[in-house]
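Remember, it's 1-based here, ligands and their atoms both numbered in the order they're listed. Because only heavy atoms are used, hydrogens play no part in the values below, and waters and symmetry mates are left out as well, while side chains stay in.
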Amino acid sequence: MANLKLWLSCGLGGSLLSVTAGCANQAEENGQSQRPNVIFIVADDLGYGDISCYGAKAVSTPHVDSLAATGLRFTNAHTVAATSTPSRYSLFTGHYSWRRDDTGIAAGNAGMIIRPEQTTVADMFKSAGYTTGAIGKWHLGLGDKVGSQDWNGEITPGPQDIGFDYSYLMAATGDRVPCVWIENCKVANYDASAPIQVSYDKPFPGEPLGKDHPELLTKLKPSLNHGHNQAIVNGISRIGYMKGGGKALWKDEDIADTIAAKAVQFIERHKETPFFLYVGTNDIHVPRYPNARFVGKSGMGYRGDAILQFDWTVGKIMDALKEQGLSENTLVILTSDNGPVVDDGYQDQAVELLGDHKPWGEMRGGKYSNFEAGTRVPFIVNWPLKVKPGQSDALMSQIDLFASLASLVDQPIAKGTAPDSRNHLPALLGQDSKGRDYVIESAGSLSISDGEWKYIVPNKLSSYNKLTRTELGNSPQEQLYNVRKDIGEQQNVAADYPEEVKRLKALLEQEQAKGIPMKKLTPAKKQ
Ligand code: NG6
Ligand code: CA
């Protein structure tokens, strides 16, 4: 504890930003630095209103609630995008995914979207002497180019080339092939008797497909017209074609257990050194097929049960920290990659059993949407040693985690690295109640919000996703909402406040002109 105090008083005492290299070096030389471990827990498709500490009544999430009760619960924190790949890309790189036109929802055989020459938040922690790990959902591509992966050998480049010492990942999503875990750059539990082939173009002769063999879909059937009716693995049909896998194939009902076990193992193995761990849960993405322990427990069907399973995962991670004596000095950030969706492709009764539960809270839209529920997500910061419990209404963006945490561990950021990330460490730790001047959100179109006014760029994209029943917030008209007074974005007041429209539009255009120019706005490709 004495050592820890020295580092804290040296690096963080008084102004949080006054960490001086000399001070940190001196502490290190004396063997006296003890920086916090950092864990990102990134839920998948978990809505603002899906957990009880954010107002859910129909479902109870005691572990997440306890993290919030002993930490800081943010009410206005945003992802960069309303779907996984672009959201996670920005979280890891501090670079707006909308500046590139190849960061839409990735197929399971996509090449690695973050290029090895880019510097990630994991690289940053590694330079600071941390051991780094990535466990769970990846969805950022693997290997060099689409379709070029050797699923039966080494899959490179991979997370190891962008800063992660250890990785145990699903390549994309639960609903996309390949349905196997990849540990470091190889398929885990590889089964030589069942070589793996993956294609997103054509089926493998002799392999039954969900669309032709509904009788083989013993666990979940796809929703009408959503696709998800190709390769069948574990009685569930997926997006994409796959052959082989044998004993390496995952079982959906065990995915959460696997992720929790690997996260706990990582914590135990690295308890002596500072570590950075990213845990991307599969919950509550489709196909939702929770472990029997949770089935029927929420009364809301598999979607609610998957929320309970997510909460359990959080509990396992927190218990492991406690057991290793690391709770006090571990900075845990719990958030989601995008807003909620109810029917995202499988007949799991999420719509029928939703009842009064509002995954989107009081907001409009959801996953895929420019409206607020697309990107305003749960965001909890827990660091007992340093962060006082409470609520923060500061305007936050996940894009800033890179620069803020670099400041925390006293790492310089080279020019060109994390170009869109800003240091908001004081807000992250509850010492500044304002946060960003504005956040930029992307969901096919772009929006900009200063926390009071939100402007959505006019566009010709569709305004409604019939499959998921989501209002997408697209319109050929300019839209302006006062999200402070009208969080449900009901009143488009663009015509009444032309000055606000002009101001926000100019700010956004300024941002767009910066850095790597945006080639074109591409809506996320359906894979
Ligand atoms: C969509 C899928 C959806 C989900 C999403 C990615 C269809 C019709 N829908 O294209 O089921 O997989 O992609 O979700 O294919 S995300 O959270 O990983 O971004
Ligand atoms: Ca997601």
Side-chain angles (χ1 to χ4, degrees), residues 40-48 50 78-92 97 103-110 113 136-141 169-177 179 200 210-211 220-231 236-241 252 255 278-289 302-303 306-307 310 335-348 350-351 359-360 365-369 373-378 398 441-444 462 464-470 472 522-527:
F40 289 180
I41 302 176
V42 182
D44 201 345
D45 299 356
L46 185 77
Y48 193 90
D50 270 328
H78 297 255
T79 63
V80 165
T83 51
S84 161
T85 304
S87 166
R88 290 169 207 256
Y89 171 86
S90 292
L91 171 75
F92 284 150
S97 40
T103 58
I105 299 171
N109 67 347
I113 292 165
K137 172 163 171 169
W138 183 239
H139 211 189
L140 289 165
L169 300 166
M170 42 180 28
T173 54
D175 58 352
R176 284 173 175 75
V177 300
C179 301
Y200 277 74
K211 71 182 172 57
L220 270 180
K221 296 191 191 338
S223 305
L224 204 62
N225 301 325
H226 279 249
H228 300 82
N229 58 3
Q230 299 172 335
I236 301 174
S237 50
R238 322 272 166 166
I239 306 174
Y241 306 104
D252 300 74
I255 289 178
Y278 155 77
V279 183
T281 68
N282 170 57
D283 291 317
I284 58 169
H285 197 277
V286 297
R288 305 175 188 119
Y289 197 73
Y302 288 162
R303 187 177 187 279
I307 296 176
F310 169 73
T335 188
S336 181
D337 67 339
N338 51 250
V341 56
V342 182
D343 180 359
D344 207 18
Y346 290 92
Q347 298 180 35
D348 58 11
V351 174
W360 37 82
K367 178 176 180 179
Y368 309 112
S369 179
T375 56
R376 198 193 286 210
V377 288
Q398 291 178 355
E441 310 148 308
S442 77
S462 133
Y464 190 67
N465 183 332
K466 284 196 199 105
L467 291 176
T468 60
R469 305 173 211 195
T470 311
L472 298 173
T522 33
K525 285 184 201 83
K526 294 267 178 267
Q527 299 279 7

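Taking every heavy atom of Asp175 and a limit of under 4.0 angstrom, the matching atoms of ligand 1 come to 3 (C), 4 (C), 11 (O), 12 (O). Atom numbering of ligand 1 starts at 1 in the shown order; those under 4.0 Å from a heavy atom of Asp44 are 17 (O). Residue-ligand proximity, Asn338 to ligand 1, at heavy-atom distances under 4.0 Å covers atoms 17 (O).
Every residue meeting the ring-ring contact (aromatic ring centres under 6.0 Å, His included) condition with Phe40, not counting sequence neighbours, appears here in chain and number order: Phe276. For His226, the ring-ring contact (aromatic ring centres under 6.0 Å, His included) criterion is met by no residue, not counting sequence neighbours. Every ring-ring contact (aromatic ring centres under 6.0 Å, His included) that Trp138 has, sequence neighbours left out, goes to Phe92, Phe164.
Looking at Tyr368 against ligand 1, only its side chain comes within 4.0 Å, counting heavy atoms. The parts of Asp344 lying near ligand 1 are both backbone and side chain, judged by heavy-atom distances below 4.0 Å. Neither the backbone nor the side chain of Arg238 has any atom closer than 4.0 Å to an atom of ligand 1 (non-hydrogen atoms only).
Checking side-chain atoms of Asp45 against main-chain N and O of His285 turns up no donor-acceptor pair under 3.5 Å. The closest donor-acceptor contact from the side chain of Thr470 to the backbone of Asn465 lies at 3.5 Å or more, if one exists at all.
No N or O atom of Thr85 sits closer than 3.5 Å to an N or O atom of ligand 1. Residue contacts with ligand 1: Thr173 is placed with no nitrogen or oxygen under 3.5 Å of a nitrogen or oxygen of the ligand (distance criterion only).
Counting heavy atoms from C-beta on, the side chains of Tyr368 and Ile105 come closer than 4.5 Å.
Taking 3.0 Å as the limit, the number of protein N, O or S atoms around the Ca ion (ligand 2) is 5.
Note: Ser97 OG to Leu140 CG = 10.0 Å, rounded to the nearest 0.5 Å. With rounding to the nearest 0.5 angstrom, the OG atom of Ser336 is 8.0 Å from the CD atom of Gln398.
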**Request:** Could you walk me through whether Asp50 and Arg303 pass salt bridge (Lys or Arg N to Asp or Glu O under 4.0 Å), step by step?
**Result:** CA-CA 10 Å; Asp50 270 328; Arg303 187 177 187 279; 2.8 Å; yes
